[in-house]
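Position 1 is the first residue of the sequence, and the numbers go up from there.
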Amino acid sequence: MLRQNPPRISPDIDEPSSQDELSQRGTGGVDIQRELNRMEEMILDSPRIPLTRRTLVDEEHLLEQLDLIRLNLPNAFEEAEAIIREKEELLQQAEQYAHKIIETAQQRAAQILDETGIVRQAKQEAQQLWQMVQNECGAAQEQTLAEIERLHREAQAELEEIRAKAISEADAIQNGADEYAERVLNNIEQQLNDMQRIVRNGRQQLQQADSPPLVVKTPPGSLFPRSSSPIPPKKS
């Protein structure tokens with residue numbers, strides 16, 4: 001409650017003379033803390049009653065100081081509310097910014113997870129492709145080895161067949177040569193027998209001096225008679 005025209009105790013202190021002046025001071029943006037400090041100084045600087053704990057205070061000046069503080073409290077409240085509103089706005093902006101950063105981070109994390117999944121899938125596909133290539137290479141290698149083994153067996157069989165055929169032909173040639181040699185030897189033996197017979201006949205004629213000479217007929221074109229002609233060997 002504002003007091004008007006209170007009694008003055010000390011004329012040495014400058015004080016506002018009217019309520020309008022208090023109102024003007026109240027609207028001038030007074031520092032409440034400073035005014036409270038001034039009021040405290042007023043109380044501490046006031047004279048004390050001897051042998052007591054009481055102090056003589058200038059009531060009018062103290063009330064004016066209280067009125068000044070009271071009048072400036074709404075402005076202080078408004079300033080405090082403005083500061084609080086500003087703080088709340090800053091906090092809201094910071095919270096929005098933090099939410100935005102969190103949302104961006106979550107989106108980036110989701111993107112990284114997606115990219116990680118793609119990379120993992122690519123690795124799995126590459127592993128499967130490598131395994132498939134390995135299997136195909138192994139199958140091709142086994143098939144190639146089997147084909148080589150088959151060709152080796154076929155070549156071995158052909159070699160055995162050619163060897164057997166060559167041996168058979170060599171045996172046939174050997175048999176033909178033996179037969180031819182046998183016939184030639186038989187012819188030579190026959191010719192030798194004929195020559196021995198001619199020699200014996202000649203000796204007998206020489207021993208028979210009184211008998212007419214022995215004439216031996218021989219086939220034309222040959223010195224000795226032949227019983228048979230050689231047969232050429234068979235050609236295989």
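Atom CD in Glu154 sits 12.0 Å away from atom CG in Leu159 (nearest 0.5 Å). Note that CD of Gln196 is 6.5 Å distant from CG of Leu192, once rounded to the nearest 0.5 Å. Note that the CD atom of Glu64 and the CG atom of Leu71 stand 11.5 Å from one another [nearest 0.5 Å]. A distance of 8.0 Å separates CG in Leu62 from CD in Glu59, rounded to the nearest 0.5 Å. Between Thr104 atom OG1 and Gln111 atom CD the span is 11.5 Å, to the nearest 0.5 Å. Taking CD of Glu158 as the reference point, atom CG of Leu151 lies at 9.5 Å (rounded to 0.5 Å).
Hydrophobic clustering (ILVMFWY, side-chain heavy atoms < 4.5 Å, transitive): Met195 and Val184 are in one cluster. In the hydrophobic clustering of ILVMFWY residues, with side-chain heavy atoms under 4.5 Å counting as a link, Ile43 and Leu56 come out apart.
Between the Thr116 side chain and the Ile112 main chain, a donor and an acceptor come within less than 3.5 Å of each other.
Shown here are the side-chain hydrogen bond (donor to acceptor under 3.5 Å, both in side chains) partners of Glu147, two or more places apart in sequence or in another chain: Arg150. Residues passing the side-chain hydrogen bond (donor to acceptor under 3.5 Å, both in side chains) test with Gln174, sequence neighbours excluded: Asp178.
Between Glu35 and Arg38 there is a salt bridge, since a side-chain N of the basic residue sits under 4.0 Å from a carboxylate O of the acidic one.
Other residues, nucleotides and ligands place no more than 12 heavy atoms under 6.0 Å from the CD atom of Glu161.
The heavy-atom pair separating Arg48 from Thr55 by the smallest distance is NH1-OG1, 3.6 Å.
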**Item:** Candidate pair Glu40 and Leu36, rule side chain to side chain contact (heavy atoms under 4.5 Å, CB included), full reasoning
**Value:** CA-CA 6 Å; Glu40 182 181 5; Leu36 289 174; over 6 Å; no
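Residue pairs meeting the side-chain hydrogen bond (donor to acceptor under 3.5 Å, both in side chains) criterion with at least one member in residues 82-97, sequence neighbours excluded: Glu95-His99.
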